Novice: 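Please see the structure below; I have some questions.
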Amino acid sequence: MDNEKLSLPQYDIPEDIQNAVAITTLDRLYNWGRRSSVWPLMFGLACCAIEMIAAQASRYDMARFGMEVMRPTPRQADMMLVSGTVTKKMVPAIIRLYNQMPEPKYVVAMGACASGGGPFKEGYNVVAGIDKFLPVDVYIPGCPPTPQALIAGMIKLQEKIDRQSIKKVSWYNGKTKEDTNFVPIPILGPDLIDPRRSAEIKAAATVQEGA
Amino acid sequence: MMTAPVQTQTVDLVARFPGVVAAETRPGYTGFVVEKEKLVEVATALRDEFGYDLLTAVTAVDYLPENKMEVVYHAYKTTGGPGLVFRVQVPRVDPVEVPSLIHVYPGVDLQEREAWDLMGIRFTGHPDLRRILMWEGYEGHPLRKDWKEPFYEEEAKPFKSRWPEGKHILAEERNPFNDNLKFPPNFDPEKWVPDNEESLYAALKRYTVESEDGMNTDRIVVNMGPHHPSTHGVFRAALTLDGETIVGLKPVVGYLHRNHDKIGERNTFLQNMPYTDRLDYFNSMSNNLAYAITVEKLMNIPVAERAEYIRVIMAELSRVQNHLIFIGMLLNDLGAMYTPALYAFEERELILDIFEEVSGARMMCNYLRFGGVVRDVSPAAMHKIKDLVFDRLPAKTDEMERLLAENEVLVARLKGVRVVDAETAVKYSVTGPVLRAAGVPYDIRRADPYSIYDRFDFDVAVRQNGDMYDNFMIRVDEIRQSLRILGQAVKQIPDGPINSQKPQYQVRVPAGEAYGRIESPKGELAFYVVSNGKPNPWRYHVRPASFVNITCLEQMCIGTKIQDFVALLGMLDIVMGELDR
């Protein structure tokens with residue numbers, strides 16, 4: 001972001017000091033820093049991960065948006081790019097990674113599978129979209145999305161970051177002590193058990209017997 | 001021009017084992033039916049007397065209407081020639097038991113575990129028969145014909161709700177749990193005790209060796225993956241370490257098990273074509289080719305001449321970009337972060353441009369059809385291909401070799417580090433560049449030619465030492481050979497129709513079975529398809545190269561240092577979409 005965008009439009013800064021002075025809000029400055037260094041978690045699931053690598057490579061070069069620093073550890077990552085089919089066997093690991101990421105954190109569902117199961121939705125080992133477990137910020141359609149589509153999705157995420165205010169976000173107010181975004185880890189049972197839904201599952205399983 | 005190897009005389013198993021082996025009589029089927037009790041004996045004879053040393057595929061078929069299950073074996077000779085199919089039929093009454101062949105052909109290990117997991121066939125004598133793609137505790141064996149997935153709608157596509165009526169109800173609304181879930185009646189999640197993978201760690205423990213010098217040392221179990229930057233996706237390995245030395249290893253897979261086999265049985269034959277793209281997602285063109293030749297075998301139709309050439313061109317371009325990526329990614333794994341990989345991706349993008357131009361998609365091409373291809377290659381695209389094949393790619397391959405092959409650090413890291421020797425590789429059914437780097441010149445393009453590979457002049461790349469350096473260099477050799485084939489193909493390609501059949505939504509496939517195999521960039525990729533004459537395959541099985549190749553991983557790793565594990569895994573060039581399916 002250049003000076004022009006960082007400065008608030010209503011203040012008239014004399015031209016000769018425009019390189020040295022900017023009048024802006026804390027939100028704008030803070031978000032400018034955050035949106036320009038969104039570090040993705042180095043995390044590939046399936047076919048989409050290959051297009052993610054292609055987007056990182058020289059022709060598409062996501063480094064232009066400050067997103068080239070892929071971190072293999074969730075502790076240093078800002079954004080989880082769910083790039084591929086989420087399976088029932090894999091989802092506990094994904095949730096664990098998500099829980100370890102520090103706030104502020106974002107989830108991008110890349111491709112049809114991560115958004116809603118895609119061509120594999122009917123499969124017995126497939127979770128029909130990561131949004132059954134995690135709050136998704138941006139969905140990118142495609143199977144797989146081209147690198148251009150992925151970059152468009154990243155720009156959408158930057159726009160979302162731009163609109164956030166530290167006065168309102170839960171992770172900045174200092175009042176909420178516990179992690180509000182903690183997601184209980186699913187359990188591998190006869191099928192995938194979401195602990196948040198165990199009462200519901202029990203009830204449905206009993207009805208099934210009666211029917 | 002090379003000719004196909006001399007066809008060896010057909011094996012007369014029936015005369016060798018009277019009363020035990022019967023010739024297959026069902027129309028559309030070939031091979032032999034072996035009595036269950038004598039299976040191990042017959043297999044040993046096949047290996048030792050008849051020379052079928054490479055057992056490539058083991059899979060099961062559930063013949064529900066006949067109330068029996070069948071285990072099908074495909075054996076080949078590493079000296080070349082056609083294969084031999086033998087099968088065991090057992091009544092469909094639990095427990096379904098078949099003797100394990102693991103002591104005759106150790107390469108069946110993971111495939112037998114898969115058949116147990118998905119079909120519920122208990123292989124007696126298998127030392128470590130655990131589930132492999134699903135987890136321990138999962139309910140049922142999903143590939144059995146009477147097992148229905150939670151989002152089950154109908155036996156076969158097109159579903160009536162979609163066509164012709166077009167009144168689709170969301171899958172979630174049809175399920176009692178409003179999700180892709182299925183629990184046994186009266187299941188109580190609160191009381192469920194998860195498996196905690198005790199059986200996995202028990203299996204590892206068996207490989208613990210007592211230290212010889214009398215020192216008592218603790219063995220450490222390290223889990224690498226499923227989220228690890230160097231495992232090429234969601235592969236996981238549980239390793240036991242003695243200090244830095246690997247003393248035991250178990251691959252844990254299934255984290256990308258997307259149920260290709262089950263979905264493939266619901267799909268029509270043609271609907272499976274785009275699904276094959278997503279197996280080995282680096283090489284969708286090769287996957288298409290393997291599936292197309294399998295179904296063409298079943299349908300017994302010719303392929304249009306021009307289409308044959310287009311197929312070869314696309315498959316070989318695919319191999320070139322796969323090997324380039326292999327080199328780039330291997331260097332990434334070894335610590336030369338990004339630079340070689342960026343060189344590789346630069347060339348790959350140019351090849352993907354051609355794929356996009358001919359098929360409309362960069363990665364998921366869905367380009368082949370039964371009898372030909374779906375669209376012609378335009379003169380402009382052909383011009384681009386020629387530029388790449390004659391000009392750019394040979395120069396870039398040389399550049400890659402100059403950059404890396406004599407690099408002191410790389411040579412010191414790779415030379416003399418054992419990957420696998422020829423004998424072990426054949427025993428464990430390893431195929432592809434890893435087998436050839438160990439000194440076995442086994443390339444299906446030459447050993448059991450398909451498509452029109454018998455028309456081209458090329459050498460089977462082979463190296464002798466089976467160390468990491470040979471495994472690395474054989475990829476460079478193979479790129480050169482692929483460019484040779486490409487050079488001949490683009491010169492010889494004739495004009496003409498691109499499909500021998502009329503375009504059709506639904507193909508007629510007569511009843512029978514077919515096993516179609518190709519030399520994919522990663523090894524033998526094969527499809528085993530059983531048709532019962534209906535529009536949908538009765539059984540659709542993928543025999544992926546990556547999955548069978550990792551059977552050997554433990555043998556490769558035991559005795560080496562943990563820091564070489566990543567490189568050894570890189571040598572196998574696995575891709576999870578194909579491995580887990």
Side-chain angles (χ1 to χ4, degrees), chain A residues 41-51 53-54 56-60 70 72 74 84-85 87-90 93-94 96-97 113 117 119-128 132 143-144 146-147 187-195 197-202 204-209 211, chain B residues 133-140 142 149-153 171-172 176-190 192 194-195 226-229 232-234 254-260 262-263 266 274-275 277-278 281-282 341-342 345-346 348-349 352 362-364 576-577 580:
Chain A
L41 180 64
M42 194 183 211
F43 172 63
L45 287 176
C47 334
C48 287
I50 310 303
E51 284 297 57
I53 299 169
Q56 297 278 4
S58 46
R59 188 188 272 188
Y60 301 100
M70 306 278 277
T85 315
T87 62
K88 290 178 186 172
K89 197 170 177 178
M90 187 63 196
I94 298 175
R96 258 188 217 116
L97 288 169
C113 291
F120 300 100
K121 180 174 177 177
E122 62 199 278
Y124 49 86
N125 191 28
V126 174
V127 175
K132 304 239 181 217
C143 188
T146 57
I187 300 158
L188 296 177
D191 209 327
L192 189 71
I193 305 167
D194 186 346
R197 292 187 60 198
S198 57
E200 206 183 317
I201 287 169
K202 191 177 173 182
T206 320
V207 173
Q208 202 185 15
E209 169 75 340
Chain B
L133 295 175
M134 302 305 285
W135 58 89
E136 289 294 328
Y138 187 71
E139 180 87 0
E149 62 270 39
F151 278 168
Y152 172 81
E153 186 168 343
E172 275 88 345
F177 303 96
N178 296 317
D179 204 345
N180 191 1
L181 296 175
K182 180 175 156 176
F183 289 101
N186 283 329
F187 172 71
D188 188 352
E190 310 281 325
W192 174 258
D195 166 58
H227 162 67
H228 188 281
H232 299 234
V234 288
Y255 291 99
L256 191 58
H257 178 45
R258 301 192 277 195
N259 330 122
H260 275 273
K262 190 79 179 177
I263 295 175
R266 304 257 186 259
Y275 280 87
D277 288 340
R278 287 155 182 82
Y281 31 73
F282 280 106
L342 287 174
F345 267 91
E346 193 184 354
R348 178 175 185 260
E349 288 292 336
L352 292 196
R362 282 159 51 86
M363 274 174 71
M364 305 305 176
M576 295 315 287
D580 287 341

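Numbered from 1 within each chain, the chains take letters A, B, ... in sequence-line order. Scope of the values below: all heavy atoms of this structure, side chains included, with no hydrogens, waters or symmetry mates. Worth saying up front: this structure is predicted, and the values here are computed from it rather than measured.
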Novice: Are any side-chain N or O atoms of B:Asp580 and backbone N or O atoms of B:Tyr255, one a donor and one an acceptor, separated by less than 3.5 Å?
Specialist: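 Such a contact is found between B:Asp580 side chain and B:Tyr255 backbone.
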Novice: With respect to chain A, which residue among B:Tyr152, B:Phe282, B:Trp192 yields the maximal number of heavy-atom pairs within a distance under 4.5 Å?
Specialist: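 So the answer, after comparing B:Tyr152, B:Phe282, B:Trp192, is B:Trp192.
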Novice: I want to know whether B:His257 and A:Phe120 have ring centres closer than 6.0 Å.
Specialist: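 Centroid separation for B:His257 and A:Phe120: 6.0 Å or greater.
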Novice: Look at B:Glu149, B:Met363, B:Glu139, B:Lys262 and state which one has the largest set of heavy-atom pairs under 4.5 Å with chain A.
Specialist: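 Most heavy-atom pairs within the cutoff with chain A belong to B:Met363.
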Novice: Got a second to check how far A:Glu122's CD is from B:Ile263's CD1, nearest 0.5 Å?
Specialist: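 Rounded to the nearest 0.5 Å, the CD-CD1 separation comes to 4.5 Å.
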Novice: Checking heavy atoms, do the side chain of A:Lys121, its backbone, both or neither come under 4.5 Å from chain B?
Specialist: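 It is both, since atoms from each part get that close.
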Novice: Do you know which of A:Gly84, A:Gly44, A:Cys143, A:Ser58 has the most heavy-atom pairs with chain B at a distance under 4.5 angstrom?
Specialist: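 Sorted descending by pairs with chain B, the first entry is A:Cys143.
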Novice: Counting heavy-atom pairs under 4.5 Å to chain B, which of A:Met90, A:Lys88, A:Arg59, A:Met42 comes out on top?
Specialist: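 It is A:Arg59.
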Novice: At a 4.5 Å cut-off on heavy atoms, which part of B:Glu349 comes close to chain A: side chain, backbone, both, or neither?
Specialist: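 Both backbone and side chain.
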Novice: Looking at A:Ile187, A:Val127, A:Leu45, A:Ile94, which has the largest count of heavy-atom pairs under 4.5 Å with chain B?
Specialist: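 Of A:Ile187, A:Val127, A:Leu45, A:Ile94, A:Leu45 has the most heavy-atom pairs under 4.5 Å with chain B.
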Novice: Heavy-atom pairs under 4.5 Å with chain B are the metric here; pick the option from A:Ala199, A:Pro195, A:Ala128, A:Pro144 that has the most.
Specialist: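 Of the options given, most contacts go to A:Pro144.
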Novice: If I compare all heavy atoms of A:Gly189 with all of B:Trp135, which pair ends up nearest, and what's the gap?
Specialist: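 Smallest interatomic distance, heavy atoms only, reads O-NE1, 2.7 Å.
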Novice: Which one, B:Leu352, B:Leu133, B:Leu342, B:Asp179, leads in non-hydrogen pairs under 4.5 Å with chain A?
Specialist: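 Top option by heavy-atom pairs under 4.5 Å: B:Asp179.
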Novice: If you count heavy-atom pairs under 4.5 Å between each of A:Thr85, A:Thr146, A:Asp194 and chain B, which one has the most?
Specialist: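 If we count pairs closer than 4.5 Å to chain B, A:Thr85 comes out on top.
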Novice: Using heavy-atom distances under 4.5 Å, tell me whether A:Arg96 contacts chain B through its side chain, its backbone, both, or neither.
Specialist: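 When you check distances to chain B, no heavy atom of A:Arg96 falls under 4.5 Å.
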Novice: Write down the atom of B:Leu181, the atom of A:Leu192, and the distance for their closest heavy-atom approach.
Specialist: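 That would be CD2-O, 3.2 Å.
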Novice: When the ring planes of B:Phe183 and B:Phe187 are compared, do they come out parallel, tilted or perpendicular, using 30° and 60° as the limits?
Specialist: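 Geometry flag for B:Phe187 against B:Phe183: parallel rings.
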Novice: Against chain B, label A:Ala49 side chain, backbone, both or neither, depending on which of its atoms sit under 4.5 Å from a heavy atom there.
Specialist: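 Neither; nothing under 4.5 Å.
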Novice: Only pairs of heavy atoms separated by less than 4.5 Å count here; which of A:Ala46, A:Ala93, A:Pro190, A:Pro119 has the most with chain B?
Specialist: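 Most pairs with chain B among the choices: A:Pro190.
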Novice: I'd like to verify something: which residue of B:Phe151, B:Phe345, B:Tyr281 has the highest number of heavy-atom pairs under 4.5 Å with chain A?
Specialist: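 Of the options given, most contacts go to B:Tyr281.
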Novice: Picking from B:Glu172, B:Arg348, B:Glu136, which has the most non-hydrogen pairs under 4.5 angstrom with chain A?
Specialist: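 Sorted descending by pairs with chain A, the first entry is B:Glu172.
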Novice: Name the residue from B:Met364, B:His260, B:Arg258 that meets the side-chain contact (heavy atoms from CB on, under 4.5 Å) definition with B:Tyr275.
Specialist: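 Testing each of B:Met364, B:His260, B:Arg258 against B:Tyr275, the sole residue satisfying side-chain contact (heavy atoms from CB on, under 4.5 Å) is B:His260.
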